[in-house]
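Have a look at the structure below before the remarks.
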Protein chains: 2
Amino acid sequence: MKVKEVADLVGISVRTLHHYDEIGLLTSEETTESGYRIYSESDLETLQQILFFKELGFPLKKIKEIISSPSFDRAEALELHRKSLLEKRSKLDNMIRTIDKTIQHSKGEIEMSNKEKFEGFDFSSNPYEQEARDRWGDKAVDESNAKINSLSRNEKKAWEDEFNSIYKELAEIRHEAPDSEVAQEGIKEWYDFLNRMGNYSLDAFKGLGQMYVDDERFTKNIDQFGKGLAVFMRDAMAVYADKNK
Amino acid sequence: MKVKEVADLVGISVRTLHHYDEIGLLTSEETTESGYRIYSESDLETLQQILFFKELGFPLKKIKEIISSPSFDRAEALELHRKSLLEKRSKLDNMIRTIDKTIQHSKGEIEMSNKEKFEGFDFSSNPYEQEARDRWGDKAVDESNAKINSLSRNEKKAWEDEFNSIYKELAEIRHEAPDSEVAQEGIKEWYDFLNRMGNYSLDAFKGLGQMYVDDERFTKNIDQFGKGLAVFMRDAMAVYADKNK
DNA sequence: CATTGACTCTAACGTTACGTTATACTTTAT
DNA sequence: ATAAAGTATAACGTAACGTTAGAGTCAATG
């Protein structure tokens, strides 16, 4: 097969094939006397492998190593690569959250209704405090309240922004499986956030999640970020709590 | 302030400042007669803005536009950028998912090949080979044996000895509870042994245990060490896998 | 006061994975 | 035979600096 045929077949450009030839990643088995590259079936298979690793985001150099050395430990390479991808992902998450905070903040010059947003954990100013005290004990609730009340306006604003950012993100991934990595990373943000304010045990966290669904006042507020978010959060929070015990 | 002072202050390199100068992103307000760049307070503020957008993953070109034109709609730029980050993230998620699948898949293959090794070992070195030949035909047995035989004699011998020793021990304690300390210590030997030859995850280990009961070929051979050993091992392996997660 | 060490400058190649011309030749179709 | 389509090599461009390399500058020390 000639370049264009191969290129069209696998959906890449002729230039790409030329490039792979240049860097020695994939040299056609045959060449006509006039210099045309002729690819064999075997070449095609190699190309498929190359494209596979390329889709995973491997650099061509690594792909070359992997392909050209059958003894290369692919499993290890995959594990390593996975880690680097996860790092990239968390960097991206940070960027997105920072953007969200910034957007929130600039919008926030107009003070939004604090109470709505804080209902999720502001037991100091809502009628559910007794329930919270019953459920998690006086100590946890008092601690949480003390912290919230000691915040300055700016601090409160910052919390709000972060709160919104987290919920926005969770709303975006609410159709993923609750035990997926994405979901668990998202819910971890929420857990960490809560624990920056008060002291939530994993059980308390799980219980809180359950309340999101049991108590329609919570459900309503939470689902404003996206329908079904409360249920998703309950499930993801339960998985998180069980997994991290 | 001179380059290095600024660079150290904000945590970037001198080269970066030079670069920003080159591309006209940030030119120092002043310059000494000898050509040294002297940055003003105002320059520093601009730099902070630049770094802020940079952290969000904006390309320098866009940052230049944003910075140099006060009329530029920052909010819109942020929203747009947010979208592109979300896309990148979902691409990353896809890559990660694909890697996970691949890893799972290859683990499965390792499991299978170990199974083959196991069979080969059993059938090539014990008196029941004839039975195996009768049941699955000469070809299958020979192929299986060939794989085992590619090991060096010493390797094979050591392997057999250890294998036998472990199974003998397990057979002796097979009437203990699968979650007892004795049983768990015994089964740990087996897990460690397997991981010296292949690569068994805890899940794979658990799955292998299940196979000991599901697949009568395994059951039969294992129970030659003692009736009920296969079932005992399956249970002990499951407990071990769950406990050590 | 000259030397030295720390600092600064410009210039230019290297990096990644091709896209994009530009120029010239080969093969295929009409 | 001639045009159209395909192929080849060569080389610049991209993003954001890192990394030498060679040369000049500034402040402190002997």
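Bear in mind that the values here come from a model prediction, so they are computed numbers and not experimental data. Order of the sequence lines fixes the chain letters, A, B, ..., with proteins taken first and strands second; residue numbering starts at 1 for each chain.
- A heavy-atom distance below 4.5 Å is not found between the side chains of A:Asp21 and A:Leu17.
- Between the OH atom of B:Tyr20 and the P atom of C:dT10 there is a distance of 17 Å, rounded to whole Å.
- At whole-Å resolution of the value, OH in A:Tyr39 and P in D:dG6 are 16 Å apart.
- Nucleic acid contact class of B:Lys54 (heavy atoms, under 4.0 Å, all strands): sugar-phosphate only.
- For the residue pair B:Lys2 and B:Ile38, the shortest heavy atom distance occurs at CG-CD1, 3.7 Å.
- Among D:dC17, C:dC18, C:dC9, the nucleotide with an atom closest to any side-chain atom of B:His18 is C:dC9.
- Comparing C:dC18, C:dT27, D:dT7 by their nearest atom to the side chain of A:Thr16 picks out C:dC18.
- Comparing C:dA17, C:dC9, D:dT19 against the side chain of B:Val3 picks out C:dC9 as the nearest.
- Under the 30°/60° scheme for interplanar angles, the aromatic rings of B:Phe58 and B:Phe53 are found to stand perpendicular.
- For B:Lys4, counting side-chain heavy atoms from C-beta on, the closest listed nucleotide (C:dC7, C:dT27, C:dG19) is C:dC7.
- Distance, A:Asp21 CG to D:dT7 P: 14 Å, rounded to whole Å.
- In this structure, the CG atom of A:Leu60 is 9 Å from the C1' atom of C:dC18, given to the nearest Å.
- The CG-P distance, from B:Leu17 to D:dG18, rounds to 10 Å in whole Å.
- Along DNA chain D, the nucleotide nearest to A:Arg15 and the one nearest to A:Ser34 differ in position, and the one closer to the 5' end is contacted by A:Ser34.
- At whole-Å resolution of the value, CD1 in A:Ile63 and C1' in C:dT16 are 12 Å apart.
- With D:dG18, D:dT25, D:dA8 as the choices, the nucleotide that has an atom nearest any side-chain atom of B:Tyr36 turns out to be D:dT25.
- Nearest-nucleotide assignment on DNA chain C puts the 5′-proximal partner with A:Val14, out of A:Val14 and A:Thr32.
- Residue B:Ile38 contributes atom CD1, which lies 10 Å from atom C1' of C:dT8 at whole-angstrom precision.
- Crowding of B:Glu22 atom CD: a count of heavy atoms from other residues, nucleotides or ligands under 6.0 Å exceeding 12.
- Of the candidates C:dT8, C:dT16, D:dC17, C:dT16 carries the atom nearest the A:Lys61 side chain, counting heavy atoms from C-beta on.
- What separates NE2 of B:His19 from P of C:dT10 is a distance of 14 Å, to the nearest Å.
- Summary of the strand contacts: A:Glu22 and B:Arg37 both lie near DNA chain C, and taking for each the nucleotide with the nearest heavy atom, the more 5' one is attributed to B:Arg37.
- Below 30°, between 30° and 60°, or above 60°: for B:Tyr191 and B:Tyr240 the angle between ring planes is between 30° and 60°, a tilted geometry.
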